[in-house]
Colleague: 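Here's a structure for you.
First the proteins, then the strands, lettered A, B, ... as listed; each starts at 1.
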Protein chains: 2
Amino acid sequence: MATSCFAERLAKQVPLSDAEKRALIRLEENPRKVKRGGMIQRVNDTVTELFVLREGRVMSFVILPDGSRQILRVYFPGDFIGSASTIYSKAPESLVALSDVIVCPFDKHALRRLLEESPRVAALLFLLSNAERVAMTDRLAALGRTSAKARVAAFLLDMFDRLRVTDDSIVDSFDLKLTQEEIGDSIGLTSVHVNRMIRQMELEGLISRSNGRITLNDMARLEEIGHYTNRLKDMDLDWLPVS
Amino acid sequence: MATSCFAERLAKQVPLSDAEKRALIRLEENPRKVKRGGMIQRVNDTVTELFVLREGRVMSFVILPDGSRQILRVYFPGDFIGSASTIYSKAPESLVALSDVIVCPFDKHALRRLLEESPRVAALLFLLSNAERVAMTDRLAALGRTSAKARVAAFLLDMFDRLRVTDDSIVDSFDLKLTQEEIGDSIGLTSVHVNRMIRQMELEGLISRSNGRITLNDMARLEEIGHYTNRLKDMDLDWLPVS
DNA sequence: CGAGCGGTTGATGCGGATCAAGGAGAGTGG
DNA sequence: CCACTCTCCTTGATCCGCATCAACCGCTCG
């Protein structure tokens with residue numbers, strides 16, 4: 001039977017009927033491989049597609065006129081990408097594969113069908129995009145009002161918690177798979193300063209590293225430094241009626 | 001007949017059937033007045049309500065442990081507020097009235113009914129919240145990667161364009177109705193530095209001011225300085241079928 | 001074996017924070 | 001009608017966190 005990475009992920013948070021699972025599987029019926037570094041969507045291109053990320057990592061970003069880059073979000077397997085194209089016909093952001101990936105594109109008109117056939121699933125997509133909005137506001141507050149060290153701590157914790165949603169084997173460490181420059185572009189710092197912060201946190205024993213793998217040694221302290229709260233813990237998807 | 005501020009606003013961008021208008025009117029059937037400075041929602045409170053803002057201005061914000069504030073968004077009449085409570089049972093952000101306002105709260109369960117009875121309207125809400133997400137990413141890029149002057153310019157242009165959606169009388173000026181401290185808290189600066197940037201832009205003739213009213217004298221140049229693009233112009237809501 | 005990328009570290013500079021003081025206007029109470 | 005207060009704006013002086021510039025190292029890959 002066909003599988004749906006997205007359904008699996010949703011099912012961890014809310015029960016799904018078989019019909020709903022089938023509807024989700026249909027969204028992923030056109031898997032496409034993209035090599036590391038490959039462009040999935042270019043800013044200002046005309047787009048009508050959204051994606052489910054099945055495997056690997058993807059980032060969305062914009063490039064400013066002076067050449068600097070702001071990474072808007074890093075996506076993990078099971079994430080739902082590119083919802084902006086439901087409302088803008090020109091992509092407001094670029095999408096690039098951070099590793100070899102499998103993405104499943106589907107046309108925005110498929111959402112329409114989903115809305116008619118599985119309104120509850122459509123509603124779940126709505127809720128998830130609200131969760132993403134809240135994640136954005138958290139980072140907004142971090143960039144606007146917190147120190148470099150706080151941002152790095154919050155970034156690591158966020159990545160850790162999001163990876164753990166789909167990967168039960170994660171206990172206290174994870175593969176970064178991002179350069180320090182990419183981290184900097186996510187949280188509004190230079191790679192040089194990201195490096196200094198990471199080295200400092202390593203010296204203080206908060207984290208440790210071995211070839212790209214980060215271990216979080218003192219999560220309580222990291223949460224305090226980063227003013228971090230795990231939003232994934234208190235999501236409430238249950239109020240949607242089983243229809 | 002009852003009116004819906006929200007329906008009026010949506011109708012500017014996409015045709016609505018009478019049934020759909022009625023559904024929107026029902027969302028606004030419990031208007032509530034709140035005085036300037038009044039708290040509409042407190043962070044961490046248990047909430048199940050969303051709001052349509054009918055009159056006045058509202059801000060959403062968070063306070064960090066060190067007491068500093070990040071304003072997440074300023075809302076104008078016709079805006080749809082608090083979608084985070086669809087997914088979190090505890091409010092992730094506070095809502096305060098920036099002026100005397102009229103808000104129309106409705107329970108999140110009303111969304112469910114909306115989904116069943118007017119799926120197209122439910123879809124429109126989804127699209128609008130995606131637009132808000134994109135607005136967030138624009139500000140994220142501003143905070144992460146642009147100068148103080150660029151942020152102020154982009155902030156003014158954004159306010160201008162958003163106010164113009166519902167107020168046709170606006171040509172090149174608008175009432176700020178925000179203190180410089182509030183602007184700073186929106187774009188990650190101190191009030192002192194906001195003041196310096198505004199005064200500088202005034203000296204350069206880019207803007208002018210008279211008791212709280214801002215006039216944009218050179219929009220092209222302001223857009224260049226702020227790396228600003230008006231997202232409201234190329235929204236595409238028409239692909240949703242008339243059902 | 002050379003080239004390129006990513007990480008590391010030091011030196012220096014600058015944009016915006018912080019601290020401080022004063023001014024204008026609006027509201028308030030005597 | 002006038003002190004008084006409070007909020008917000010304005011401006012100068014100083015400070016500091018992070019950017020910038022630069023050099024070098026180790027690794028991987030062609």
Side-chain angles (χ1 to χ4, degrees), chain A residues 35-37 59 64 66-71 96 98-100 142-156 175-204 207-214 225-226, chain B residues 35-37 59 64 66-71 96 98-100 142-156 175-204 207-214 225-226:
Chain A
K35 285 238 169 292
R36 177 183 147 91
M59 65 173 173
L64 297 184
D66 69 351
S68 64
R69 173 176 70 175
Q70 175 67 46
I71 294 182
V96 162
L98 284 165
S99 62
D100 292 353
L143 294 209
R145 289 292 181 234
T146 78
S147 70
K149 193 171 173 186
R151 291 184 224 173
V152 173
F155 183 84
L156 293 177
D175 281 320
L176 201 46
K177 287 182 183 159
L178 288 175
T179 66
Q180 294 178 356
E181 179 153 14
E182 285 159 350
I183 297 174
D185 285 350
S186 295
I187 57 180
L189 299 170
T190 57
S191 60
V192 174
H193 208 63
V194 168
N195 180 272
R196 286 194 230 271
M197 294 301 103
I198 286 182
R199 306 246 52 220
Q200 185 186 330
M201 288 163 71
E202 198 179 11
L203 273 176
E204 291 171 4
I207 61 174
S208 29
R209 294 180 304 158
S210 67
N211 54 332
R213 195 164 181 84
I214 298 277
I225 291 171
Chain B
K35 286 237 169 293
R36 178 183 146 89
M59 65 173 173
L64 297 186
D66 68 351
S68 63
R69 174 176 68 176
Q70 176 68 44
I71 295 181
V96 162
L98 284 165
S99 61
D100 292 353
L143 294 209
R145 289 290 181 237
T146 78
S147 70
K149 193 172 176 186
R151 290 183 224 174
V152 172
F155 183 84
L156 293 177
D175 281 320
L176 200 46
K177 287 183 184 157
L178 287 176
T179 66
Q180 294 178 357
E181 179 154 14
E182 285 160 348
I183 297 174
D185 285 350
S186 294
I187 57 179
L189 299 170
T190 58
S191 59
V192 174
H193 208 63
V194 169
N195 181 270
R196 285 193 231 271
M197 294 301 104
I198 286 182
R199 307 247 50 221
Q200 186 187 331
M201 289 164 71
E202 199 179 11
L203 272 176
E204 291 172 3
I207 61 173
S208 29
R209 294 180 303 158
S210 67
N211 54 333
R213 197 165 180 83
I214 298 276
I225 291 171

Colleague: Find the distance B/N195:CG to D/dT7:C1' and express it as a whole number of Å.
Modeller: 14 Å
Colleague: Return yes if some donor-acceptor pair links the side-chain N/O of B/R69 with the main-chain N/O of B/S186 below 3.5 Å, else return no.
Modeller: no
Colleague: Output the rounded distance in Å from CD (B/Q200) to C1' (C/dG15).
Modeller: 12 Å
Colleague: Between B/R209 and D/dT10, does any side-chain N or O lie under 4.0 Å from OP1 or OP2?
Modeller: yes
Colleague: So, taking the atom named CG in A/D175 and the one named CG in A/N211, what distance separates them when rounded to the nearest 0.5 Å?
Modeller: 8.0 Å
Colleague: In whole angstrom, give the distance that lies between atom CD1 of B/I198 and atom P of D/dC8.
Modeller: 14 Å
Colleague: List for me each residue that meets salt bridge (Lys or Arg N to Asp or Glu O under 4.0 Å) alongside B/E204, sequence neighbours excluded, and say none if there are none.
Modeller: B/K149
Colleague: Specify the separation, in whole Å, of atom CG of B/L203 and atom C1' of D/dT11.
Modeller: 13 Å
Colleague: A/R36: what forms a salt bridge (Lys or Arg N to Asp or Glu O under 4.0 Å) with it, not counting sequence neighbours?
Modeller: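 By the salt bridge (Lys or Arg N to Asp or Glu O under 4.0 Å) rule, A/R36 matches no residue at all.
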Colleague: Round to a whole Å and report the spacing from CD1 of B/I183 to C1' of D/dT10.
Modeller: 14 Å
Colleague: Do any pairs count as a salt bridge (Lys or Arg N to Asp or Glu O under 4.0 Å) and have a residue in residues 189-198 of chain B, sequence neighbours left out, and if so which ones?
Modeller: none
Colleague: How large an angle, rounded to 10°, do the end axes of the helix from C/dC1-D/dG30 to C/dG30-D/dC1 enclose when each is built from five base pairs?
Modeller: 40°
Colleague: Between CG of A/L178 and CD1 of A/I183, what distance do you get to the nearest 0.5 Å?
Modeller: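 The CD1 atom of A/I183 is 5.5 Å from CG of A/L178, to the nearest 0.5 Å.
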Colleague: What is the distance, rounded to the nearest whole Å, between atom CE of B/M201 and atom P of D/dT10?
Modeller: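 So the two atoms are 14 Å apart, to the nearest Å.
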Colleague: Counting only N and O atoms by type, is there a donor-acceptor contact under 3.5 Å from the side chain of A/S210 to the main-chain atoms of A/R213?
Modeller: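 No; zero donor-acceptor contacts below 3.5 Å.
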Colleague: Just the table, please: protein N/O against nucleotides 3-6 of chain C N/O, every pair under 3.5 Å.
Modeller:
none

Colleague: What distance do B/E181 atom CD and B/N195 atom CG have between them, rounded to the nearest 0.5 Å?
Modeller: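 So the gap between those two atoms works out to 12.0 Å.
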Colleague: Identify the two heavy atoms, one from B/E182 and one from B/I71, that lie closest to each other, and give their separation to 0.1 Å.
Modeller: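 So the minimum-distance heavy-atom pair works out to O-CD1, 3.4 Å.
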Colleague: When every nucleotide of nucleotides 13-30 of chain D is labelled 5' to 3' by its protein contacts under 4.0 Å (heavy atoms), B for base, S for sugar-phosphate only, - for none, what sequence of letters results?
Modeller: B----BSBB---------
Colleague: Look up atom CZ in A/R209 and atom CG in A/L176, then write down how far apart they are to the nearest 0.5 Å.
Modeller: 9.0 Å
Colleague: Could you tell me how far apart B/R199 (CZ) and D/dC8 (C1') are, to the nearest whole angstrom?
Modeller: 14 Å
Colleague: Do side-chain atoms of A/Q70 reach the backbone of A/D185 as a donor and acceptor pair under 3.5 angstrom?
Modeller: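 Here the side-chain-to-backbone pair exists.
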